[in-house]
Number of protein chains: 2
Amino acid sequence: MAAVNLKQLAKILDLSISTVSKALRDSHEIGDATKLRVLAKAKEMDYTPNPFASGLRRNKSKTIAVVVPEVANNYFALAINGIERIAQENDYHVLIYLTHEDIEKEKGIMKHLENKRVDGVLMSVTMNTNNQTHLSDFQQKGIPIVFFDRICHEIETAKITTDDYISGINATKHLIENECKDIAFLSLGDDISIMQKRKSGYLEELLKNNMEVKRERIIKCGNDEEINYNLVKKLLSGKNKPDGIFASVEKLAITTYQVCRELNINIPNDIKIICFSNLETASLLSPSLSTITQPAYNIGKTAAEVMFKYLDKNKTYIPNENIVLQSTLHIRESSQHIV
Amino acid sequence: MAAVNLKQLAKILDLSISTVSKALRDSHEIGDATKLRVLAKAKEMDYTPNPFASGLRRNKSKTIAVVVPEVANNYFALAINGIERIAQENDYHVLIYLTHEDIEKEKGIMKHLENKRVDGVLMSVTMNTNNQTHLSDFQQKGIPIVFFDRICHEIETAKITTDDYISGINATKHLIENECKDIAFLSLGDDISIMQKRKSGYLEELLKNNMEVKRERIIKCGNDEEINYNLVKKLLSGKNKPDGIFASVEKLAITTYQVCRELNINIPNDIKIICFSNLETASLLSPSLSTITQPAYNIGKTAAEVMFKYLDKNKTYIPNENIVLQSTLHIRESSQHIV
DNA sequence: ACTATTTACGCAAACGATGTAGTAATATTA
DNA sequence: TAATATTACTACATCGTTTGCGTAAATAGT
């Protein structure tokens, strides 16, 4: 029942605690015969070191934290998948924390992690993280952070993103090529970098095509589904509605689908839609949804790999580095002009 | 940079370490004036107790583990959401482990958790967990397990499930009411209890309606997408195909949709489909997908609540208890007979 | 053969927090 | 007033590992 510890092992083997400990860690100080004897007995007695004792002594937790806005989201779920994979390979444990897009919760979580519970943090900030003092404070404590997707430029560290700007351009270009004359952009807040980049791409492409940039075509959505629904409904109600929608995140495209259904707006005849999404069922929607799909799994995997690259070397300082992975455009029915 | 500890705090306050420790834990042994002084200084110096030291001393990790087959799955993602919520409320941390339906990985993870890294484990077993010795061994170490959804009957503890048997009956009944004469059941393995229950409901309802139970209509799918695809394709190819599909899990319904698309089979005209699913976009699919939706968030929440009920009392033994939450039937186009 | 070096192990001090037992000083009671 | 109880604190052992240092014995070097 109670876990066996070094002391008991040592007594049975008639060795000192330190000898057993060193033998288990394969120290050169211990003779081969003794090592084998210890190893065998340890296995037999099912010894596993107490993580708290060794964590305390070595100041290493063998644990990383993942801080994300949500998990019931295909993008983050896939990223976590990638992270967990690499963590298991490195014999690390993964703590998960959800901010639910609440900056205060994010601050609280970081505060909680300041003691050396984790060796590093992989994070995607909330849509409202426009101030990064809680993050730089955290870094000051000597725990490295690696950002993925929703990064924080001001913090010096590694950042894994996708080519949001280019994707923003491509998505917009695609809509224009499919005869859209009046494209709206559905943003999720406007504090975070990915939104700014996606929007920049959108704006850039509009300008390039001499299309008017209208303030009211940029809809700032948020975390409240109902408010978003009403914002989109307002956008699509009445005569003066756009003929193209570029949704910056999956859920806003879903909302748009629902609104269109309610208002009897036909996609893609009346309005065309494209969005950033990792939805597995995009091709099964009615109509099938055109997406810019991010390599979510690889983003998570890469973030974890970068983290371990430094943790392995016992480096708590990670220099600035921008790793950009490519998203892929999946053109489906929702954005195509029917000739 | 380095975290401040009790010793430093004590020195600055000119008190002993134990006084400071007790003051922070609001012990009755310490005077009110001193308590306030300590609290103020601790806050000022941003003191947070070292989790390893206190974990070691108190033999409490303030951490629970969640062991699930996958996270990129709406059901588990929502359940994790519920779990995380309750954990945060209880000031607990959540470790996450993915088995990817691999029983060996599950065993390895449990082995890893046997040292007192966590105070409890919430888990949904893999589809291949037909042997529970690694779980009973784990329990023997004095760490409680609570199962949710994919439970293990043989282990004595609390189990949170949904009314799978009734839902199986209801789903099948619904298909029969919609003129299905030949219903296939897509199973995910057949080791785990939810599959057995869902299948029992299916079989029961067939019998009740004097419908023939054919062995070849029960398709045992697995973890490999490609194999599943081919199994479903084979089922739906040729003349002698079923006119109804009851998919035990979401992904098998998605596969069926894809196969139908490839084979040009019309849903619901040629074949009707219903499945267990927490897919947000079920209503936006083409055709919209009829589902039995489990209260995933609440299942996770309940599992966590039960766990904390015992952890709070420092009980490591959780007696058998079956908590059954109700799923809801959402009838949409995919299963409806068009008159 | 006598000193250096290596080998193989044990001792004991950390790591930081907790809690029991002990101790002065003050307060309460008979 | 003396015995007892209470208050407010401190000292110290403890949790299980790790690791620097010490040390005997064995080996090597000259």
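Per chain, numbering begins at 1; letters A, B, ... match sequence-line order.
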Practice task
Taking atom types as modelled, find out whether B/Asp119 and B/Tyr92 have a side-chain donor-acceptor pair closer than 3.5 angstrom.
Solution key: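 Yes, because at least one side-chain N or O of B/Asp119 sits under 3.5 Å from a partner of the opposite role on B/Tyr92.
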Practice task
Go through the side-chain N and O atoms of B/Gln140 and B/Asp137 and say whether any donor and acceptor fall under 3.5 Å apart.
Solution key: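 On atom types as modelled, these side chains do not qualify, holding no pair under 3.5 Å.
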Handout entry: Cation over ring face, B/Lys313 and B/Tyr310, 6.0 Å, 45°
Key =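 Judged by the rule, B/Lys313 and B/Tyr310 form a cation-pi pair.
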Problem - B/Lys141 to B/Phe138, cation-pi by 6.0 Å centre distance and 45° axis angle - result: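 Judged by the rule, B/Lys141 and B/Phe138 form no cation-pi pair.
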Handout entry: 5' priority, DNA chain D, between A/Leu6 and B/His28 [closest heavy atom]
Key =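 Going by which nucleotide is closer to the 5' end, it is B/His28.
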[atom1] of [X] versus [atom2] of [N]: gap in Å, rounded?
X: A/Leu56; N: C/dA17; atom1: CG; atom2: P; answer: 9 Å
X: A/Ile17; N: C/dA14; atom1: CD1; atom2: P; answer: 17 Å
X: B/Phe52; N: C/dG16; atom1: CZ; atom2: P; answer: 12 Å
X: B/Lys11; N: C/dG16; atom1: NZ; atom2: C1'; answer: 15 Å
X: B/Asn59; N: C/dG19; atom1: CG; atom2: C1'; answer: 15 Å

What is the nucleic acid contact for [X], judged by heavy atoms within less than 4.0 Å: base, sugar-phosphate only, or nothing?
X: A/Ser27; answer: nothing
X: B/Ser21; answer: base
X: A/Leu15; answer: sugar-phosphate

Exercise for the section: State which of D/dC9, D/dT17, C/dC11 makes the closest approach to the side chain of A/Ser16. Expected result: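 The nucleotide sitting nearest to the side chain is C/dC11.
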Problem - Closest to side chain of A/Ala53, choosing from D/dG16, D/dA11, C/dC11 - result: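 Selected nucleotide: D/dG16.
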Handout entry: Candidate pair B/Thr129 and B/Glu106, rule side chain to side chain donor-acceptor pair (under 3.5 Å), full reasoning
Key = CA-CA 9 Å; B/Thr129 304; B/Glu106 182 176 288; 3.1 Å; yes
Handout entry: Ion pair check, A/Glu305 and A/Arg85, cut-off under 4.0 Å
Key =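 Judged by the 4.0 Å cut-off on N to carboxylate O distance, A/Glu305 and A/Arg85 do not form a salt bridge.
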Exercise for the section: Report yes if the distance between the aromatic ring centroids of B/Tyr97 and B/His112 is under 6.0 Å, otherwise no. Expected result: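 So the answer is no for these two rings.
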Practice task
Would you jot down, in residue-number order, the residues of residues 108-121 of chain A having a non-hydrogen atom under 4.0 Å from DNA chain C?
Solution key: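 None, since no heavy atom is under 4.0 Å.
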Problem - With B/Lys35 via side-chain contact (heavy atoms from CB on, under 4.5 Å) - residues at least two apart - result: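 Partners of B/Lys35 by the side-chain contact (heavy atoms from CB on, under 4.5 Å) criterion, ordered by chain and then number, come out as B/Ala23, B/Asp26, B/Ile30, B/Asp32.
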Exercise for the section: Ignoring backbone atoms, establish whether A/Asn5 has a side-chain N or O less than 4.0 Å from OP1 or OP2 of D/dG16. Expected result: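 So the side chain of A/Asn5 is within the cut-off, an N or O lying under 4.0 Å from OP1 or OP2 of D/dG16.
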Where do N or O atoms of nucleotides 20-27 of chain C meet protein N or O atoms at under 3.5 Å, pair by pair?
unit_1: C/dT20; atom_1: O4; unit_2: B/Lys22; atom_2: NZ; d: 2.8

